[in-house]
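Worksheet: one structure, shown below.
When reading the values below, keep in mind they use all heavy atoms of this one structure, side chains included, and skip hydrogens, waters and symmetry mates.
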Amino acid sequence: QVQLVESGGGLVQAGGSLRLSCAASGRTFSNYAMGWFRQAPGKEREFVSHITSSGGLTYIADSVKGRFTISRDNAKNTLYLQMNILKPEDTAVYYCAAVLWGCIESGCYLRGASYPYWGQGTQVTVSS
């Protein structure tokens, strides 16, 4: 199993940038596909982005495409989400999640239920 801890959230003005980090425990980080999800108050959990265990493939939600970038550094056991041109509608708690070797079914990376391991979340607030 793997333990995940997010950091880097905070309060930022619209148009600004933040970089979220997700630190993973253990030496098996490279075996896990990783995802970012977010949840705003009163709304359902929303898929943001996904990256395969090797980092060779990425998937980005249409709502953040062109503004957010997912990446990973397997040597540092760390997942990143670079968020640029932030908008008030990006305000949410952001979670990182992990699944060993990824998931196989078509579109499974979009669903939170595909990921057994989750971090505690970090709050991102974007003011207008």
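The side-chain heavy atoms of W101 and Y32, taken from C-beta on, include no pair separated by under 4.5 Å. T91 places none of its side-chain heavy atoms less than 4.5 Å from the side chain of V124. With contacts defined as side-chain heavy-atom distances shorter than 4.5 Å, the pair Q82/S17 qualifies. Under the 4.5 Å side-chain criterion, counting only non-hydrogen atoms from C-beta, R38 is not in contact with Y95. You'll find the side chain of L79 reaches within 4.5 Å of the side chain of W36, heavy atoms only. Side-chain atoms of S63 and E89, non-hydrogen and from C-beta on, never get closer than 4.5 Å to each other. The shortest side-chain heavy-atom distance between I51 and L57 does not fall under the 4.5 Å cut-off.
I104 CD1 to S114 OG: the interatomic distance, rounded to the nearest 0.5 Å, is 11.0 Å. Atom CE of residue M83 and atom OG of residue S49 lie 12.0 Å apart, to the nearest 0.5 angstrom.
Tracing side-chain contacts under 4.5 Å through hydrophobic residues (I, L, V, M, F, W, Y), one never reaches L110 starting from I70; they form parts of separate clusters.
Looking at K87 and D90, no side-chain N of the basic residue comes within less than 4.0 Å of a carboxylate O on the acidic one, giving no salt bridge.
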Set out, in order, the CA-CA distance, both residues' side-chain angles and the distance that settles side chain to side chain contact (heavy atoms under 4.5 Å, CB included) for Y80 and T78, then state yes or no.
CA-CA 7 Å; Y80 302 99; T78 304; 3.4 Å; yes
Does the side-chain hydrogen bond (donor to acceptor under 3.5 Å, both in side chains) test come out yes or no for N31 and S53, once each step is laid out?
CA-CA 6 Å; N31 294 341; S53 58; over 6 Å; no
Trace of the side chain to side chain contact (heavy atoms under 4.5 Å, CB included) decision for Y115 with H50:
CA-CA 11 Å; Y115 302 80; H50 176 90; 2.7 Å; yes
Stepwise, does the ring pair (Phe, Tyr, Trp, His ring centres under 6.0 Å) test hold for Y109 with F47?
CA-CA 9 Å; Y109 60 90; F47 169 78; 5.8 Å; yes
May I have the step-by-step check of side chain to side chain contact (heavy atoms under 4.5 Å, CB included) for R19 and L81, ending in yes or no?
CA-CA 6 Å; R19 188 179 73 164; L81 184 68; over 6 Å; no
Are E6 and L4 close enough, and set up right, to give a side chain to side chain contact (heavy atoms under 4.5 Å, CB included), and what steps lead you there?
CA-CA 7 Å; E6 301 98 330; L4 307 171; 5.6 Å; no
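Taking the six-membered ring for Trp, Y94 and F37 have ring centres at least 6.0 Å apart.
In terms of modelled atom types and a separation under 3.5 Å, the side chain of R45 and the main chain of Q39 share no donor-acceptor contact.
Note that R72 lies in the cation-pi zone of F29, set by a 6.0 Å cut-off to the ring centre and a 45° limit from the axis.
Annotation for Q123: atom CD counts as buried by contact number, over 12 foreign heavy atoms lying within 6.0 Å. In E44, the CD atom is not crowded: 12 or fewer heavy atoms of neighbouring residues, nucleotides or ligands sit closer than 6.0 Å.
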